[in-house]
**Student:** 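Can you read through this structure? Questions will come right after.
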Amino acid sequence: MFRTKRSGLVRRLWRSRAPVEGDGDADTGTRVGGNAGCCLGKPGASKPNPGTEAELKALTYSILKKIKEKQLEVLLQAVESRGGARTPCLLLPGKADARLGQHSYPLPLLLYKVFRWPDLRHSSELKRLSCCESYGKINPELVCCNPHHMSRLCELESPPPPYSRYPTDFLKPPDSPGSVPASTETGGTAYSAPMGFSDSLALQERGEQPHWCVVAYWEEKTRVGRLYSVQEPSLDIFYDLPQGTGFCLGQLSSDNKSQLVQMVRAKIGYGIQLSREPDGVWVYNRSCYPIFIKSATLDNPDSRTLLVHKVFPGFSIKAFDFEKAGSLQRPNDHEFSQQPRTGFTVQISFVKGWGQCYTRQFISSCPCWLEVIFNNR
């Protein structure tokens, strides 16, 4: 019997499905159980699919065989590249349901379960990426089912574990006399994000489109490259990305010979996506390893501590909340005592965390990290 191209695509898609935890092939970096972080998913059983493997396979085959061949090719490219390739939306009827065992799932949710998150239970656990055509639309007839146009919502622990607390004093007024060189607690080296901030301000002086943030890349205590000014609504920050444009850290010239820095740099991979949306700035972890984030708007405005939040691969977190930021004065802690007068900052470390539960007490000890400086003008 001759095998059609469609049937070949369906078989390749089934082989590329997301491994279920316990299969032995699951990416341990995406597991969200345990006590290692502050960003929690909703843990499921080791075999979260309510139906058997045979039922799931039969259902998936029946659904995929109804999809147009061109759409199958789009889905396959997205799945096999694990989101590294820029793929268009996969628009399918959003109100169609599929039954698996005793459970009924909307078609988009089932495809997300099969190809990204086997433990996914409800659409409320998801956040659509701003690059998707279905972003912001309410109950459209056709919904994008591209699993890599979605992310899992990062749930913050409440209350957080004590080891994640990071002492700070972020309620000093902008003109506080406390704006002095960085504390020797950071390791004895005075450094500050505002140094070189004029790199981006010069753009406005030349009449170019104003930026909404600038990004600084650091390796330990050394800033690498110039500040990257961001005008577009979203920015990909990566070390190695098959397709796409953005801030490529791999193209920056670094003199750091540390083996740890080189190892972490190689693990950045697809990196993160930074997007400015109506409610704030979101960070989506596109890499295969956790990232760690500290932001004043992630915590209680009355708190004397800032938390370092762990964000797992495939998860999104609202790193900067516009509404909360309006009630905060300029962040000013003992690690970053010279904050730029033009906005707030968010610190993001790749792979390695910092804080009381790590040997690295300060982000300046992390191998590879970012500082995102927001423009509040």
**Student:** Mind checking side-chain hydrogen bond (donor to acceptor under 3.5 Å, both in side chains) for Tyr217 and listing every partner two or more places apart, or none if nothing turns up?
**Tutor:**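 Tyr217 satisfies side-chain hydrogen bond (donor to acceptor under 3.5 Å, both in side chains) with Glu219 once adjacent residues are dropped.
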**Student:** Sequence neighbours excluded, which residues qualify as side-chain hydrogen bond (donor to acceptor under 3.5 Å, both in side chains) partners of Ser134?
**Tutor:**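 So Ser134 forms no side-chain hydrogen bond (donor to acceptor under 3.5 Å, both in side chains) with any residue.
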**Student:** Can you tell me which residue among Leu227, Ile373, Asn375, Val230 is in a side-chain contact (heavy atoms from CB on, under 4.5 Å) with His211?
**Tutor:**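 It is Asn375; the other options fail the test.
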**Student:** State, with a plain yes or no, whether a side-chain heavy atom of Trp218 is found less than 4.5 Å away from one of Glu371.
**Tutor:**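 Yes; the side chains approach each other to less than 4.5 Å.
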**Student:** Decide yes or no for Phe322 and Arg276: does some side-chain heavy atom of the first lie under 4.5 Å from some side-chain heavy atom of the second?
**Tutor:**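 They are in contact (side-chain heavy atoms under 4.5 Å apart), so the answer is yes.
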**Student:** Show the atom names and distances, to 0.1 Å, of all donor-acceptor pairs under 3.5 Å that link a side chain in residues 281-288 to residues at least two apart or in another chain.
**Tutor:**
| residue | atom | partner | partner atom | Å |
| --- | --- | --- | --- | --- |
| Trp282 | NE1 | Asp279 | OD1 | 3.1 |
| Tyr284 | OH | Arg116 | NH1 | 3.3 |
| Tyr284 | OH | Arg116 | NH2 | 3.3 |
| Asn285 | OD1 | Ser287 | N | 3.0 |
| Asn285 | OD1 | Ser287 | OG | 2.8 |
| Asn285 | ND2 | Tyr289 | O | 2.9 |
| Asn285 | ND2 | Val311 | O | 3.1 |
| Asn285 | ND2 | Phe312 | O | 3.4 |
| Arg286 | NH1 | Asp236 | OD1 | 3.2 |
| Arg286 | NH1 | Asp236 | OD2 | 3.4 |
| Arg286 | NH2 | Gly83 | O | 2.7 |
| Ser287 | OG | Tyr289 | N | 3.3 |
| Ser287 | OG | Tyr289 | O | 2.8 |

**Student:** Using only heavy-atom distances, determine whether the side chains of Thr87 and Asn146 contain a donor-acceptor pair under 3.5 Å.
**Tutor:**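 Yes - a donor-acceptor pair under 3.5 Å links their side chains.
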**Student:** Could Lys318 and Glu323 be called an ion pair, given the rule that one side-chain N must be under 4.0 Å from one carboxylate O?
**Tutor:**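 No.
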**Student:** Could you tell me the separation between the CG atom of Leu249 and the OH atom of Tyr239, rounded to the nearest 0.5 Å?
**Tutor:**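 Here the rounded value is 9.0 Å.
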**Student:** Say whether, by atom type as modelled, one donor and one acceptor occur between the side chain of Ser295 and the main chain of Ala319 under 3.5 angstrom.
**Tutor:**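 Yes, because the side chain of Ser295 sits within donor-acceptor range (under 3.5 Å) of the backbone of Ala319.
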**Student:** How would you list, by chain and number, every residue that makes a side-chain hydrogen bond (donor to acceptor under 3.5 Å, both in side chains) with Ser349, sequence neighbours excluded?
**Tutor:**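 Expected list: none.
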**Student:** Is there side-chain contact between Ser151 and Leu129, with heavy atoms separated by less than 4.5 Å?
**Tutor:**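 Heavy-atom side-chain distance check passes, below 4.5 Å.
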**Student:** Say whether Thr222 and Glu220, considering side chains only, have a donor N or O and an acceptor N or O under 3.5 Å apart.
**Tutor:**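 Side-chain D/A pair, Thr222 to Glu220: absent.
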**Student:** Roughly how far apart are Glu232 CD and Trp212 CH2, rounded to 0.5 Å?
**Tutor:**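 The CH2 atom of Trp212 is 10.5 Å from CD of Glu232, to the nearest 0.5 Å.
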**Student:** Restricting to side-chain hydrogen bond (donor to acceptor under 3.5 Å, both in side chains), what partner residues turn up for Arg360, sequence neighbours left out?
**Tutor:**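 In terms of side-chain hydrogen bond (donor to acceptor under 3.5 Å, both in side chains), with neighbours along the sequence ignored, Arg360 is linked to no residue.
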**Student:** Hey, can you tell me if Trp14 and Tyr61 have their rings parallel, tilted or perpendicular (30° and 60° cut-offs)?
**Tutor:**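 If you compare the ring of Trp14 with that of Tyr61, the planes turn out perpendicular.
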**Student:** Report the hydrophobic cluster partners of Val74, with the cluster defined as I, L, V, M, F, W, Y residues connected by side-chain heavy atoms closer than 4.5 angstrom, directly or transitively.
**Tutor:**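 The other cluster members (ILVMFWY side chains, heavy atoms under 4.5 Å, direct or chained): none.
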**Student:** Evaluate the ring planes of Phe292 and Tyr358, with Trp represented by its six-membered ring, and classify them as parallel (under 30°), tilted (30 to 60°) or perpendicular (over 60°).
**Tutor:**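 Phe292 and Tyr358: perpendicular rings.
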**Student:** Between atom CZ of Arg6 and atom NZ of Lys68, what is the distance when rounded to the nearest 0.5 Å?
**Tutor:**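 These two atoms lie 10.0 Å from each other.
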**Student:** State whether Arg128 and Glu277 are salt-bridged, where the test is any N-O pair (Lys NZ or Arg NE/NH1/NH2 against Asp/Glu carboxylate O) under 4.0 Å.
**Tutor:**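 The answer is no: the pair does not qualify as a salt bridge.
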**Student:** To the nearest 0.5 Å, what is the distance between CH2 (Trp117) and CG (Leu126)?
**Tutor:**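 Those atoms lie 5.5 Å apart.
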